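I have placed the structure first, in the form of structure tokens, so that the comments after it can refer back to it.
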Amino acid sequence: GTAVQEENSNIMAVNMPLVSVLLLSFALSAVSASSKPHIIHIIGDDVGSNDMSLTNHQSYTPTMDALASSGVRLSSYYAWKLCSPSRTSLLTGRYTFRYGYYDNTDANGPKGGVPVNVTMIPSDLKRAGYATHAIGKWHAGFRTKHQTPPFKGFDSYLGYYHAEENYYTQSFGGSGNPTNPKCGNASCCGTDFSQADNPNEIFASHMNGTYSTFAYVNRARNIIQNHNESQPLMLYMAFQNVHGPTEAPERFTARFPATMNPYRRRIMACMSALDEGIKNITDALKAKGMYENSIIVFHADNGGDVGGQGFGMNNYPLRGGKWTYWEGGVRVLAWVHSPLIPLDKRGSIYDGMVHITDWRVTYASLAGVEPDPGATMPLDGHDVWEAITTNSPSPRTEVVHNVIHVPDNNKTCSKDQQHGGVHPWCGAAIRVGRYKLVVGYAGWPDKIFPLPVNNSGNVVEAPVDPSDPTLRCADMCLFDVERDISETNDLKDELPDVVKQLQARLAYYAEQGIPRNFVTSNDPRMCQVVESSGWWQPYQDTRHTEL
């Protein structure tokens, strides 16, 4: 990929306040940091598990291919089925049901977002002398400023708070008011694109109209170029690509044939732009002399959104996708690249279980500090660095995908008319060892999609017939996901003792969940603030939702 040439020149203006933050961070630690690695944590939004060109001939991701092929690919890496719970799990190191988080909607509302007194990864790394910066999608709550990145341990932030926005205008809106052309048929419409240099927030109005990937990569390169390489750096890089509205400049789209399904072509263009962004960040690390002591982690936040016809992202041979507890929804693309990985383990595939909650404990261990000392809420992660880099058994033996929780807003586990199952948050799943138990509604779509052919070709669904009631898991299914990665052979009748064991583990975790933060409507102050200012921003001045 070529270096980005399309950044708007006025982007540079946003980096001026950053200089003072960096200068301050240089003096924060007198500790020799030579043994502490730089941590570059990258998230691809809605990226399909089969959407790197390493395994998918339709894609074009040479940088990701090279980094993954010379690093360690994680073949049993799990995240949440949706954006917001995945990000909060990553940053807090905890299963989200511990603090009432079960769905994307739990990010908003009068009690929404991660509770303000639940700490995150950067608070650990700051104690180890790290400079910490966040870029891109937040989606972990913003009703009060105490939930935003500068108050969660990050020295600086550039990005957006919501689940999605326009890649160029950085606008996001609700629904119901067709009068605002900026958001189309939307009410409560505004720009969701903020710069925060602790402790004050500055709205990045001068960046409005720039392709977000270029803006984020430019920010990352500026942070690296101005960083004191003797101080360890943690860069949290949460790309917008390839989440809807799935937009990319023409030069990326032109790489793919016009005969390709139009939506699929846009996804491939977004993947290509993402790949170029990762290249430019890696090149910046090398130019600064930081690469040799860096760890680059990449993963998707959830499975690719395959869509009802299979023309979306691709998770083949996994069943289902985003929104589901099928492997295609929670078993995601992930790899680790670092010159610190032993030579004989580079280029390997690690099949031990790794979960998104593991990074907090792993990073704290690499930094030489205790994660979240004094906290009463348990951490759910494990230190997986030695396991990954020596190909030894994973310390993790189970993964909870969710616990069944009947909401406290008078809704019940009633039939979902669109998808033919029970209400989405009434499903649950857990993997223990090789076995995975799915209880209730696993999610839709529940098909397996090979790569779509082209605009006029047919997508062949194989080998699952979703009309088969034994595979809908409306009640319960058990799969051996080591031998049956596509989840086609329900074993619950053959292995009743295994079912009981996994039910007991699921019940154990369900008892540790608390009621949802979800409410039936958003806090009216949220729209009042955005309508009066034109910007999405914190809208409460109280500090509550304490645990």
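Sequence positions, counted from 1, serve as the residue numbers for this chain. Worth knowing before you read on, the calculation uses all heavy atoms, side chains too, and leaves out hydrogens, waters and symmetry mates. Just so we're clear, the structure is a prediction, and the values are computed from it rather than from any experiment.
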Run the ring-centre check on H139 versus Y160 and record whether the distance is less than 6.0 Å.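 No; Y160 has its ring centre 6.0 Å or more from that of H139.
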Below 6.0 angstrom between ring centroids: does that apply to F193 and Y216?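 Distance test on ring centres: under 6.0 Å, yes.
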Applying side-chain hydrogen bond (donor to acceptor under 3.5 Å, both in side chains), run through Y161 and Q147 and close with a yes or a no. CA-CA 10 Å; Y161 295 132; Q147 293 175 306; over 6 Å; no
Answer yes if the side chains of [X] and [Y] hold a donor-acceptor pair under 3.5 Å, and no otherwise.
X	Y	value
S532	Q528	no
D51	N314	no
H299	H41	yes
T119	R360	yes
N241	T213	yes
Y77	H355	no
Y325	E487	no
Y101	S84	yes
T144	H146	no

Option passing side chain to side chain donor-acceptor pair (under 3.5 Å) with S76 (candidates E482, R396, R331):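 Of E482, R396, R331, side chain to side chain donor-acceptor pair (under 3.5 Å) with S76 is met by R331 alone.
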From K137, H243, Q240, residue fulfilling side chain to side chain donor-acceptor pair (under 3.5 Å) relative to D45: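 The passing option is K137.
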Locate the shortest heavy-atom distance separating [X] from [Y]; write the atom from each residue and the value.
X	Y	value
Y102	V403	CE2-CG2, 4.0 Å
N302	V332	C-CG1, 3.3 Å
S338	S294	OG-O, 2.7 Å
L67	H337	O-ND1, 3.0 Å

Decide yes or no on side-chain hydrogen bond (donor to acceptor under 3.5 Å, both in side chains) for T88 and Y99, but give the supporting numbers first. CA-CA 10 Å; T88 61; Y99 44 88; 3.3 Å; yes
Kindly indicate whether a cation-pi arrangement holds for R319 with W326, taking the cut-offs as under 6.0 Å to the six-membered ring centre and within 45° of the axis.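 Pair R319/W326 counts as cation-pi.
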Examine R505 relative to Y508 and say whether NZ or CZ is less than 6.0 Å from the centre of the six-membered ring and inside a 45° cone about the ring axis.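 Yes, a cation-pi geometry.
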Working to the nearest 0.5 Å, report the span between [atom1] of [X] and [atom2] of [Y].
X	Y	atom1	atom2	result
L74	D351	CG	CG	10.5 Å
Y78	R431	OH	CZ	4.0 Å
D305	N315	CG	CG	9.0 Å
Q537	W535	CD	CH2	9.5 Å

NZ/NE/NH1/NH2 to OD/OE distance under 4.0 Å, [X] and [Y]:
X	Y	result
D480	K436	no
K322	D301	no
D380	R94	no
R127	E370	no

Just by distance, do the side chain of Q170 and the backbone of Y167 share a donor-acceptor pair under 3.5 Å?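 Pair found, side chain donor or acceptor close to backbone of Y167.
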